[in-house]
Amino acid sequence: MTNDQYTFDNPKTRYDALSPPGQHQPEPGLDSRLRPRPDLGEQSYRGTGRLTGRRALITGADSGIGAAVAIAFAREGADVALAYLPSEQSDAARIAELVRSAGREAVLLPCDISVNEECTRLVDDAANALGGLDILVNNAGKQVYCEKLEDLADDAFDATLRTNVYAMFWITKAALKHLPAGSSIINTTSVQAYKPSPILVDYATTKAAINAFTKALGAQLAERGIRVNAVAPGPVWTVLQVTDGQPPEKIAAFGHDTPLGRAGQPAEMAPAYVFLASSESSYVIGETLNANGGMPTP
Ligand code: NAD
Ligand code: MG
């Protein structure tokens with residue numbers, strides 16, 4: 001275990017290569033039941049004022065990557081609105097407490113972003129509660145593997161597209177009226193956009209779409225002073241993987257096939273989001289920042 005994200009050490013051994021025990025939860029699952037526990041940066045993330053006074057809405061902020069981003073943003077000085085599904089209330093409450101113990105405001109907004117109207121309400125509630133909005137992180141996602149296309153139900157395909165692509169569109173569209181020049185929009189894509197797994201046809205499709213959406217919208221919004229970028233994680237140890245994101249037999253060696261030989265931890269994703277949210281990345285637009293343990297991407 002590292003002291004903080006700046007500690008000089010070997011990235012290969014910064015975290016153990018996990019061999020998680022067999023486990024399964026129904027979607028969306030609870031981070032609190034994931035074994036071993038992922039590192040969300042609770043003990044390690046050290047802020048240095050990079051987002052002082054900023055106001056962020058983060059979807060999927062109760063667990064995994066979104067939770068690590070919420071903790072990091074708060075410690076960098078931002079107030080945070082956390083969106084998540086109602087069944088994830090206990091996870092969200094824990095992250096909100098960490099945000100508050102950093103001295104920042106946390107707003108809890110349970111919702112279902114696969115419904116257009118809920119997306120619009122979510123954005124307005126976040127902006128009202130925070131007194132404005134200048135960071136939007138579209139991070140919530142759905143990943144359910146399916147071995148054969150014939151078995152991929154229309155409803156399942158639709159749900160993945162709605163959660164990963166339509167919701168990003170609806171939320172971003174609703175957010176624009178709140179976002180002043182200087183604001184940052186960050187979307188979570190995946191290495192699956194470039195190296196699609198044969199059992200994640202629908203999911204990989206959405207992640208490629210998120211990349212294209214990011215680049216097109218980044219070019220469109222540049223003249224308004226709003227930057228749009230993406231982060232593309234590789235295999236990261238989160239509850240997404242044990243809620244049918246992967247076949248159970250793949251969990252034990254999750255992430256072992258990366259050049260670093262291990263899965264990433266959510267805490268290792270957060271600095272990429274901080275960089276893209278902060279004005280230090282003022283000349284970075286339409287970029288996808290890969291954090292994937294060394295897998296080459298185009
Ligand atoms: P996670 O399960 O912790 O987070 C996903 C979150 O999405 C859930 O907590 C839930 O709150 C939210 N969500 C899903 N459906 C929703 C809905 N209908 N309404 C509202 N919220 C909904 O898992 P994670 O791995 O941290 O996933 C975060 C993002 O990272 C996702 O977009 C995922 O595709 C992406 N990603 C993950 C990995 C990985 O290996 N874990 C790799 C690449 C990309
Ligand atoms: Mg969750």
Side-chain angles (χ1 to χ4, degrees), residues 18 25-34 38 40 57-70 82-95 108-116 118-119 121-122 137-145 158-168 170-171 186-197 200 202-211 230-246 250-251 254-255 258 262-270 272-273 288-293 295 297:
L18 305 178
Q25 297 184 46
E27 269 190 282
L30 283 178
D31 173 77
S32 59
R33 293 182 49 209
L34 187 64
L40 306 182
L57 167 60
I58 306 169
T59 63
D62 58 296
S63 58
I65 296 165
V69 172
L82 303 92
Y84 52 93
L85 284 161
S87 67
E88 301 173 301
Q89 184 66 32
S90 59
D91 276 353
R94 184 176 86 86
I95 304 307
L108 290 165
L109 299 172
C111 59
D112 179 356
I113 61 164
S114 67
V115 179
N116 184 345
E118 295 211 26
C119 290
R121 184 158 48 87
L122 165 68
V137 180
N138 288 305
N139 167 76
K142 182 178 179 68
Q143 175 185 333
V144 178
Y145 78 92
D158 193 46
T160 302
L161 270 285
R162 291 174 81 85
T163 308
N164 297 4
V165 179
Y166 278 69
M168 171 183 65
W170 290 325
I171 291 169
I186 307 164
N187 300 320
T188 301
T189 174
S190 169
V191 67
Q192 287 288 325
Y194 314 106
K195 279 187 74 184
S197 160
L200 293 174
D202 54 345
Y203 177 82
T205 299
T206 67
K207 293 300 171 177
I210 292 167
N211 256 343
V231 176
V236 178
W237 183 236
T238 71
V239 71
L240 193 75
Q241 306 302 338
V242 304
T243 51
D244 293 316
Q246 300 285 337
K250 289 215 172 160
I251 295 295
F254 183 66
T258 60
R262 64 171 178 85
Q265 291 288 337
E268 296 181 282
M269 303 296 116
Y273 292 81
T288 300
L289 208 169
N290 293 281
N292 65 24
M295 290 179 278
T297 54

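Ligands are counted one by one from 1 in listed order, and the atoms in each one are counted from 1 as well.
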Taking all non-hydrogen atoms of both residues, which atom of N164 and which atom of G141 are closest, and how far apart? OD1-CA, 3.3 Å
Between S114 and T163, which heavy-atom pair has the shortest distance, and what is it?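 Of all heavy-atom pairs spanning S114 and T163, the closest is CB-OG1, 4.0 Å.
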Classify the contact between [X] and ligand 1 as side chain, backbone, both or neither, using a heavy-atom distance cut-off of under 4.0 Å.
X    : value
L240 : both
P235 : backbone
Q192 : neither
T189 : backbone

Between [X] and [Y], is any pair of side-chain heavy atoms under 4.5 Å apart?
X    : Y    : result
Q241 : K250 : no
N187 : M168 : yes
P38  : D31  : yes
Y273 : L289 : no
I95  : D91  : no

I'd like to verify the contacts: list protein N, O or S atoms under a distance of 2.8 Å from the Mg ion (ligand 2). D62 OD2, S63 OG, E88 OE2
Name the option, out of [options], that contains the heavy atom nearest to [atom].
atom                    : options          : result
atom 29 (C) of ligand 1 : N187, N139, T243 : N139
atom 20 (C) of ligand 1 : A193, A263, C111 : C111
atom 39 (C) of ligand 1 : K142, Q241, Q246 : Q241

For [atom], the protein heavy atom that lies nearest, with its residue and separation:
atom                    : value
atom 14 (C) of ligand 1 : G141 O, 3.5 Å
atom 6 (C) of ligand 1  : G60 CA, 3.7 Å
atom 13 (N) of ligand 1 : A140 CB, 3.7 Å

Taking atom CD of Q192 and atom CG of L200, what is their separation to the nearest 0.5 Å? 5.0 Å
Please list, in number order, the atoms of ligand 1 under 4.0 Å from a heavy atom of [X].
X    : value
D112 : 17 (C), 18 (N), 19 (N)
P233 : 42 (C), 43 (C), 44 (C)
L85  : 11 (O), 15 (N), 16 (C), 17 (C), 18 (N), 19 (N), 20 (C), 21 (N), 22 (C)
Y84  : 11 (O)
G64  : 3 (O), 26 (O)
Y203 : 33 (C), 34 (O), 35 (C), 36 (N), 43 (C), 44 (C)

Between T297 and N290, a side-chain donor and acceptor under 3.5 Å: yes
When you compare ligand 1 with [X], is there at least one nitrogen or oxygen pair between them that comes in under 3.5 angstrom?
X    : answer
T238 : yes
V191 : no
I65  : yes
Q143 : no
V236 : yes
T163 : no
T188 : no
I113 : yes

Just checking Y145: does its OH atom have more than 12 heavy atoms from other residues, nucleotides or ligands closer to it than 6.0 angstrom? yes
Taking a cutoff of less than 4.0 Å between a non-hydrogen atom of the residue and any ligand atom, is [X] in contact with ligand 1?
X    : answer
R162 : no
G234 : yes
V239 : yes

Ion pair R94/D62, N-O distance below 4.0 Å: no
